[in-house]
Engineer: 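Sending over a structure as structure tokens; questions will come in a sec.
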Amino acid sequence: MKMSETGSILSQDFNQILQQYSGLLGRVAASYEANHHLRQELLQEISLAVWQSLATFKGDSSLLTYILRVAHNKAVSHVAYHAKYPRNDSYCEITHASESQTLNSESHMQQQQQINTLLDEVRKLPIQTRQIVTLSMEGLSYQDIAEVCGIQLSNVGVILNRSKKVIMEAMAHVR
């Protein structure tokens, strides 16, 4: 959806926007932060950043790509900030049973393990590569990914092909 040149986002309520993109923002946060509590903190930071930035949205891009750019920039800042400090997850990394873990279905648990392994491998990628892979996983076109990341369209394909190969090799060793 493109907004008018005036930059007015008043026609759409922030809560509606947050509700529409909450799953997307949660997946972005999960691709940058493994710790449950820090992921929730990051999601709050992203939501605040989106809310603050909506006033400056001019409609030069789709609302989706604008929100993703804000979310990824906040996630990169979060990672950079937390990389400066030694991490002690023992006090807050309490395992919470998710819906998928409470189900007894072996295939569902296996699928959830594959998703977790994929996310672990994505988190190991360099920041810009991680951003491109995450956007691709969300179904964005190469053009939209190039716009969000500020890189050449041709570089998107090269980075995606290389990173997919690395991820697939790493996941093959896990099985």
Side-chain angles (χ1 to χ4, degrees), residues 9 12-57 63-140 145 148-150 159 163-164 166-168 170-171 173-175:
I9 197 78
Q12 225 177 343
D13 183 42
F14 172 69
N15 290 331
Q16 182 182 11
I17 292 170
L18 194 58
Q19 184 178 15
Q20 180 179 357
Y21 296 110
S22 65
L24 172 74
L25 297 177
R27 290 186 298 273
V28 169
S31 70
Y32 282 90
E33 183 58 66
N35 178 290
H36 172 75
H37 299 283
L38 290 176
R39 187 178 326 127
Q40 295 305 313
E41 178 184 308
L42 174 57
L43 188 54
Q44 289 176 0
E45 291 173 12
I46 289 171
S47 298
L48 179 62
V50 167
W51 177 69
Q52 290 173 332
S53 70
L54 285 176
T56 60
F57 178 64
L63 184 59
L64 172 67
T65 56
Y66 183 78
I67 287 173
L68 280 168
R69 185 177 312 128
V70 171
H72 280 281
N73 287 340
K74 181 51 72 176
V76 168
S77 299
H78 172 88
V79 169
Y81 173 81
H82 287 283
K84 293 178 185 177
Y85 301 100
R87 194 141 149 181
N88 182 358
D89 291 341
S90 62
Y91 75 94
C92 66
E93 191 58 34
I94 300 168
T95 304
H96 295 282
S98 67
E99 282 183 35
S100 62
Q101 292 171 332
T102 60
L103 296 175
N104 290 333
S105 168
E106 186 175 317
S107 64
H108 193 272
M109 289 174 64
Q110 185 179 27
Q111 182 182 24
Q112 188 61 42
Q113 178 60 37
Q114 288 174 338
I115 291 169
N116 289 339
T117 302
L118 175 63
L119 277 174
D120 288 343
E121 293 305 320
V122 169
R123 286 185 202 112
K124 292 176 184 176
L125 297 171
I127 294 290
Q128 185 179 37
T129 304
R130 184 184 323 175
Q131 182 180 23
I132 292 168
V133 169
T134 302
L135 293 170
S136 174
M137 290 167 54
E138 289 298 332
L140 268 69
I145 294 171
V148 169
C149 298
I159 292 170
S163 58
K164 284 178 184 178
V166 168
I167 290 171
M168 295 304 287
M171 290 187 70
H173 292 299
V174 172
R175 294 179 194 174

Engineer: Ignoring hydrogens and angles, tell me if any N or O in the side chain of Thr117 forms a donor-acceptor pair with the backbone of Gln113 under 3.5 Å.
Structural biologist: yes

Engineer: Can you tell if the side chain of Val50 reaches within under 4.5 Å of the side chain of Tyr21, non-hydrogen atoms only?
Structural biologist: no

Engineer: For Thr129, what residues pass the side-chain contact (heavy atoms from CB on, under 4.5 Å) criterion, not counting sequence neighbours?
Structural biologist: Leu125, Pro126, Val133, Ile159, Ser163

Engineer: Please report the closest heavy-atom contact between Ala71 and Ile46, naming both atoms and the distance.
Structural biologist: CB-CG2, 3.7 Å

Engineer: Short question: side chain of Tyr32, backbone of Arg130 - any donor-acceptor pair under 3.5 Å?
Structural biologist: no

Engineer: Distance from Lys164 atom NZ to Met137 atom CE, nearest 0.5 Å?
Structural biologist: 10.5 Å

Engineer: Taking the side chain as C-beta and beyond, is there a heavy-atom pair between Ile67 and Phe57 under 4.5 Å?
Structural biologist: no

Engineer: Do Gln114 and Leu118 come within less than 4.5 Å of each other through their side chains, counting heavy atoms only?
Structural biologist: no

Engineer: Considering non-hydrogen atoms only, spot the tightest contact between Cys149 and Gln128 and give its length.
Structural biologist: O-NE2, 4.4 Å

Engineer: With the side chain counted from C-beta on, respond yes when Leu140 and Leu64 share a heavy-atom pair under 4.5 Å apart, and no when they do not.
Structural biologist: yes

Engineer: Decide yes or no for Thr134 and His72: does some side-chain heavy atom of the first lie under 4.5 Å from some side-chain heavy atom of the second?
Structural biologist: yes

Engineer: Enter the distance from Leu43:CG to Leu38:CG here, rounded to the nearest 0.5 Å.
Structural biologist: 12.5 Å

Engineer: How long is the gap from CG on Asp120 to CD1 on Ile167, to the nearest 0.5 Å?
Structural biologist: 11.5 Å

Engineer: Supply the atom-to-atom distance Thr65 OG1 to Ile145 CD1, rounded to the nearest 0.5 angstrom.
Structural biologist: 11.5 Å

Engineer: Does Arg123 reach the main-chain N or O of Ala30 with its side chain, forming a donor-acceptor pair under 3.5 Å?
Structural biologist: yes

Engineer: Ignoring hydrogens and angles, write down the donor-acceptor pairs under 3.5 Å from the side chains of residues 73-80, residues two or more places apart or on other chains.
Structural biologist:
from, atom 1, to, atom 2, distance (Å)
Asn73, ND2, Arg69, O, 3.2
Ser77, OG, Asn73, O, 3.1
His78, NE2, Glu33, OE1, 2.9

Engineer: Could I get the full list of side-chain contact (heavy atoms from CB on, under 4.5 Å) partners for Leu48, not counting sequence neighbours?
Structural biologist: Trp51, Gln52

Engineer: Measuring from Ile17:CD1 to Leu54:CG, what's the distance to the nearest 0.5 Å?
Structural biologist: 5.0 Å

Engineer: Measuring from Arg27:CZ to Glu138:CD, what's the distance to the nearest 0.5 Å?
Structural biologist: 4.0 Å

